[in-house]
Number of protein chains: 2
Amino acid sequence: MPKSSNSDHKKSRVSPPERREELLAIAARVFAAQGYNATTVRKIADAAGMLAGSLYYHFDSKESMLDEILSGFLDELWARYDAVLGAGLGPRETLEALVTESFREIDRHLDAVAIYQKESRHLGTQPHFAYLVESQQKFEKAWLGTLERGVAAKVFRPDLDVRLTYRFVRDTVWVAASWYRPGGRHSPEEIARQYLSMVLEGIALHDT
Amino acid sequence: MPKSSNSDHKKSRVSPPERREELLAIAARVFAAQGYNATTVRKIADAAGMLAGSLYYHFDSKESMLDEILSGFLDELWARYDAVLGAGLGPRETLEALVTESFREIDRHLDAVAIYQKESRHLGTQPHFAYLVESQQKFEKAWLGTLERGVAAKVFRPDLDVRLTYRFVRDTVWVAASWYRPGGRHSPEEIARQYLSMVLEGIALHDT
DNA sequence: CTCCTTCCCTAACAAGTGTTTGGTAGGTTA
DNA sequence: TAACCTACCAAACACTTGTTAGGGAAGGAG
């Protein structure tokens, strides 16, 4: 029997999924805390209670760990985004749903989001991480489309630069990963509500 | 005459200021593009058209370059912030002025801001960069104070978590450094105007 | 001309990097 | 018991890292 007939095209699964996930979570925590480049495989191994070389029983390389963390995060994110985008909601409801899903994703995959935030820009130049750029373009398309639909439907202000608004909304959501801590005072849904209230209604007090 | 009587407590100025600034700007560009840890001194030297060792005629270490870039940026930022905070403006005008000054600072010190954004968190743990943490605390105090003043004066909404609002406003401003390019379509002041409009009035269309 | 300073180069250093190779304790299967 | 597989260790590998020491070309000062 030649090799394994596992046709998985990117991951050479060499150990049971449970242990992999465990080690990936540990690696993600260290990557997020120290930055990818500043993280040595020995630090990851320390955090996992083993020696550096032993990691290579489970993974091909340090980069493949990062790859698996990021692509796993993006896969799950897009599954939820696609569900929202395909639900036939109005522009405002779409925006609200996207923001809420984003905060939920931050809650679930905090480390991965933090890593994505810090490293995606200069990783995108590397050909192996081209999917980061693709994802970002798809991202922009989804948000920009929603905003433009909203302007056309007269639910969003027409006097704002749409591209600027897109970056504004996108950033306000995702930078939350830099300070958000799961299990804190606010649930992801509560934070999403307040963020949406600020973004949609503004923080100024109006006499209405 | 013993050494130079220059009582500068942190920088051992060993070369004329002009050349230093030039090299620091180059280093900042590379740091911002690739990340501090991923940037080798040889890459900086390449960009400057010299060899790695030659950098050490001008600077004590790679870390001292980063230090000089960040502290120079923060010094200038706080000079302008302090001017705004001491001007006796109302809360809304203070917020507008702070945001505008922030975008101007992004325009002038783009690379330094980008580096600060990416590295300040895990640099803050290092004792040598304790001033980053101090600055961030001073930062929070200034913004939180302004927001609370505004709520008390009934110019900002009272139903929002102030700390959440602070992070919201802070982040929306500074992450702009990740996409802003000087000399583009929008001036810093124009971007500040639109950001303030979004933050204060919201992006939803109201029938007023 | 000589002396000295400025600014860079050449060449190397030790420490740390990701990764590989071979081994091995312990459990499962036959 | 014997063969085998899993998950790790021990030790080294080639390479890159930040940094240093000594030298030398260019140019101004005396």
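Residue numbers begin at 1 in each chain, while the letters A, B, ... track the order of the sequences. Just so you know, these numbers come straight off a predicted model, no measurement behind them.
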Suppose the criterion is salt bridge (Lys or Arg N to Asp or Glu O under 4.0 Å): which pairs have a residue in [range], not counting sequence neighbours?
range	value
residues 173-195 of chain A	A/Arg104-A/Glu189, A/Arg185-B/Asp161, A/Glu190-A/Arg193
residues 37-53 of chain A	none
residues 109-131 of chain A	none

### Query
Can you name the residues that form a salt bridge (charged side-chain N to carboxylate O under 4.0 Å, His left out) with A/Arg163, not counting sequence neighbours?
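Partners of A/Arg163 by the salt bridge (charged side-chain N to carboxylate O under 4.0 Å, His left out) criterion, ordered by chain and then number, come out as A/Glu140.
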Gap between atoms [atom1] and [atom2], on [X] and [N] respectively (whole Å):
X	N	atom1	atom2	answer
A/Phe59	C/dT19	CZ	P	13 Å
B/Glu18	C/dT6	CD	P	13 Å
A/Asn37	D/dG18	CG	P	11 Å
B/Leu55	C/dT6	CG	C1'	16 Å
A/Glu63	C/dT17	CD	P	18 Å

### Candidates C/dT19, C/dC8, D/dT19 - which lies nearest the side chain of A/Lys62
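Ranking C/dT19, C/dC8, D/dT19 by closest atom to the A/Lys62 side chain puts C/dT19 first.
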#### Entry: Candidates D/dC9, D/dT6, C/dC8 - which lies nearest the side chain of A/Met50
D/dC9
Between the protein and nucleotides 20-29 of chain C, which nitrogen or oxygen pairs are less than 3.5 angstrom apart?
none

Going by the rule side chain to side chain contact (heavy atoms under 4.5 Å, CB included), which residues pair with [X] if we only count those two or more places apart in sequence or in a different chain?
X	answer
A/Leu89	A/Ala87, A/Glu93, A/Thr94, A/Ala97
B/Lys138	B/Trp78, B/Asp82
A/Ala48	A/Leu23, A/Ile26, A/Met50

#### Entry: Listed once per pair and sorted, the ring pair (Phe, Tyr, Trp, His ring centres under 6.0 Å) pairs that draw on residues 18-40 of chain B, sequence neighbours left out
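Qualifying pairs: B/Phe31-B/Tyr36.
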Would you please confirm or rule out a distance under 4.0 Å between OP1 or OP2 of [N] and any side-chain N or O of [X]?
X	N	value
B/Tyr57	C/dC7	yes
B/Arg19	C/dT6	no
A/His58	D/dT6	no

### Query
Under 4.0 angstrom, heavy atoms only, what part of the nucleic acid is B/Thr39 near: base, sugar-phosphate, or nothing?
sugar-phosphate
### Message
Distance check, rounded to the nearest 0.5 Å: B/Tyr131 atom OH versus B/Ser120 atom OG?
### Response
10.5 Å
### Query
If you measure from the Lys or Arg side-chain nitrogens to the Asp or Glu carboxylate oxygens, is any gap between A/Arg92 and A/Glu201 under 4.0 Å?
yes
### Query
Looking at residues 118-126 of chain B, who's got a heavy atom less than 4.0 Å off DNA chain D?
none
### Summary
Here the residues of residues 41-48 of chain B within 4.0 Å heavy-atom distance, strictly under, of DNA chain D are B/Val41, B/Arg42
### Message
According to side chain to side chain donor-acceptor pair (under 3.5 Å), who are the partners of B/Gln136, at least two apart in sequence or on a separate chain?
### Response
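Per chain and number, B/Gln136 pairs via side chain to side chain donor-acceptor pair (under 3.5 Å) with no residue.
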